[in-house]
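A short write-up of the structure that comes next.
When reading the values below, keep in mind they use all heavy atoms of this one structure, side chains included, and skip hydrogens, waters and symmetry mates.
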Amino acid sequence: MNFRTFIFIAASLLSCGPAQAQFTEFLGFGDSTLDSGWFKGAGACAAGDTSCGTGSTERNERIGNAVERGGTGSPVGVGLMHSEVLAGKFGLTAAPANQPGGTNYAISGALSNVAPGTGGNLQPNPTLPSTVQQITGYLATHPTVSNQALITIGSGGNDVSYARDTFGADVTGGRAFLDVQISQLVFAISQLQSAGGQTILIDSLQGNAGYAAYFNQNFKASLDAAGVNYVYADVYNLIADIKANPLVYGFDPLRIEPGVAGAGGATTSACVAGGGAVGWGVFCANTTTPSPPDEPYARLFSANAQETSLYSDDQHLSAHGQRLLAEYEYNLLMQSAIPEPSTW
């Protein structure tokens, strides 16, 4: 697949004016790859309040410090997530579902399904739902899904992390765990389709080695076996093509790898964080000024770092990367067999 053709065609379509609205609602379910700011209010959480935020007082405070300084509280840190960009192309929004009017249920750290000892999320907060729980919770209050909804699913990365950290060299056990996660996720997605959803966009995992390759391959095969009608976004190969051709996509060739916590100005990510940090885009402030010791946050490497770096942190795409992914997905949707509104 020529990803550049897909992206640049999408850009040219948009330059001609807004897309003719084909969807009336955006629905997002999954993890930090879609999360548009679920923890934006985490800084206001009371200490020990397990119904609020990440479940980590320190992380909540960092997020709050960043938001006060122009951060979004989403994994991109400064800028828009691709879920927001994609929804915007159809005149919609992808605000987090825990905010007024929000329809994006994705939460950073979400597993596809509940795993032993974790609940539904790798964050310490035990009340945070998995992707399956997000979907079943939505269907419990919305038994009929609009056939004009754009449903986007981004899940699996945290299952891979859990399998790697829990099973180690026991590859058979890790794969058996992923099989259960995939089975439950596919069943939940099929329920969305049965409830009326006609357009389901599936994001592949960003990685494609080891457990990630296993998840990508078996998730797609399971969707096919279940008869789910979906549009598949090959995120892994899009990122691979960007890394192979950074200048074509507008990136600094020296800033296309995930960031390293504690590397200071030597990190390749748009946001800079101290040692030991993971997924620090969520507490990245819109400033290049280092944080004071009493109000810690991550900062931008440079004023334009979200445009020159491919990653915001060690895991998530920068604002520029998010836009490219959204443009690729937009063209996939436009090229797919989407019924005209008059036939719905």
Side-chain angles (χ1 to χ4, degrees), residues 1-17 19 32-34 71-72 74-86 88-89 154 157 201 203-209 212-213 216 231-273 279-281 284-288 298-335:
M1 177 183 296
N2 189 327
F3 292 96
R4 280 155 282 171
T5 298
F6 262 70
I7 288 171
F8 298 146
I9 286 177
S12 66
L13 286 171
L14 288 171
S15 69
C16 298
S32 60
T33 57
L34 289 180
T72 63
S74 69
V76 71
V78 179
L80 297 176
M81 292 292 291
H82 84 273
S83 51
E84 297 173 283
V85 178
L86 181 62
K89 293 182 188 302
L201 176 66
D203 287 345
S204 79
L205 300 188
Q206 294 184 15
N208 200 37
N216 278 337
V231 177
Y232 189 74
D234 188 351
V235 181
Y236 166 74
N237 278 308
L238 169 63
I239 292 174
D241 196 61
I242 291 172
K243 289 183 175 182
N245 304 277
L247 291 174
V248 174
Y249 288 98
F251 291 102
D252 181 339
L254 300 179
R255 306 192 63 79
I256 57 173
E257 295 300 328
V260 177
T267 188
T268 54
S269 57
C271 298
V272 180
W280 58 86
C284 183
N286 189 14
T287 179
T288 58
R299 64 175 176 86
L300 291 174
F301 168 78
S302 65
N304 68 339
Q306 289 283 1
E307 298 303 313
T308 58
S309 294
L310 177 56
Y311 290 89
S312 68
D313 53 26
D314 59 331
Q315 303 171 23
H316 306 103
L317 296 177
S318 66
H320 186 175
Q322 300 282 351
R323 287 199 310 274
L324 290 174
L325 175 54
E327 287 166 1
Y328 161 58
E329 291 179 330
Y330 170 79
N331 205 7
L332 283 177
L333 291 166
M334 297 300 285
Q335 295 291 326

Taking every non-hydrogen atom, the tightest pair across [X] and [Y]:
{"X": "Y232", "Y": "Y328", "value": "O-OH, 4.2 Å"}
{"X": "S312", "Y": "P75", "value": "OG-O, 2.8 Å"}
{"X": "A319", "Y": "G79", "value": "CB-CA, 4.2 Å"}
{"X": "E329", "Y": "A233", "value": "OE2-CB, 3.8 Å"}
{"X": "L205", "Y": "Y236", "value": "O-CB, 3.5 Å"}
{"X": "L310", "Y": "I239", "value": "CD2-CG2, 4.2 Å"}

Is the shortest heavy-atom distance from the side chain of [X] to the side chain of [Y] under 4.5 Å?
{"X": "Q206", "Y": "T33", "answer": "yes"}
{"X": "L247", "Y": "D252", "answer": "no"}
{"X": "I242", "Y": "F251", "answer": "yes"}
{"X": "H320", "Y": "L324", "answer": "yes"}
{"X": "L300", "Y": "V78", "answer": "yes"}
{"X": "K89", "Y": "E327", "answer": "yes"}
{"X": "F301", "Y": "T308", "answer": "no"}

State the [atom1]-[atom2] distance between [X] and [Y], to the nearest 0.5 angstrom.
{"X": "L317", "Y": "Q315", "atom1": "CG", "atom2": "CD", "result": "11.0 Å"}
{"X": "Q335", "Y": "Y330", "atom1": "CD", "atom2": "OH", "result": "10.0 Å"}
{"X": "D234", "Y": "L332", "atom1": "CG", "atom2": "CG", "result": "9.0 Å"}
{"X": "S204", "Y": "L238", "atom1": "OG", "atom2": "CG", "result": "9.0 Å"}
{"X": "D203", "Y": "L325", "atom1": "CG", "atom2": "CG", "result": "6.0 Å"}

Checklist entry - Quick one: does D241's side chain have a donor or acceptor within less than 3.5 Å of a partner on N237's backbone? => result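 It does not hold such a pair.
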Next on the checklist: Could you walk me through whether R323 and E307 satisfy the salt bridge (charged side-chain N to carboxylate O under 4.0 Å, His left out) test, starting with their C-alpha distance in whole Å, then the side-chain angles of each, then the deciding distance to 0.1 Å, before giving a yes or no?
Outcome noted: CA-CA 10 Å; R323 287 199 310 274; E307 298 303 313; 2.6 Å; yes
Item to check | Pairing residues for S83 by the side chain to side chain contact (heavy atoms under 4.5 Å, CB included) criterion, not counting sequence neighbours | outcome: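 In terms of side chain to side chain contact (heavy atoms under 4.5 Å, CB included), with neighbours along the sequence ignored, S83 is linked to F26, L34, S36, M81, A94, N104.
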Item to check | Qualifying residues under side chain to side chain contact (heavy atoms under 4.5 Å, CB included), relative to D314, sequence neighbours excluded | outcome: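 Once residues adjacent in sequence are excluded, the partners of D314 under the side chain to side chain contact (heavy atoms under 4.5 Å, CB included) criterion are V278, W280.
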Item to check | Validation row, ring centre H316 to ring centre Y311 under 6.0 Å | outcome: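 No, they do not, as the ring centres are separated by 6.0 Å or more.
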For residues 255-262, tabulate all N or O donor-acceptor pairs below 3.5 Å that involve a side-chain atom, not counting sequence neighbours.
{"residue": "R255", "atom": "NE", "partner": "S309", "partner atom": "OG", "Å": "2.8"}
{"residue": "R255", "atom": "NH1", "partner": "T267", "partner atom": "O", "Å": "3.2"}
{"residue": "R255", "atom": "NH2", "partner": "T267", "partner atom": "O", "Å": "3.2"}
{"residue": "R255", "atom": "NH2", "partner": "T268", "partner atom": "O", "Å": "3.4"}
{"residue": "R255", "atom": "NH2", "partner": "S269", "partner atom": "O", "Å": "2.9"}
{"residue": "R255", "atom": "NH2", "partner": "S309", "partner atom": "OG", "Å": "3.4"}
{"residue": "E257", "atom": "OE1", "partner": "K243", "partner atom": "NZ", "Å": "3.4"}

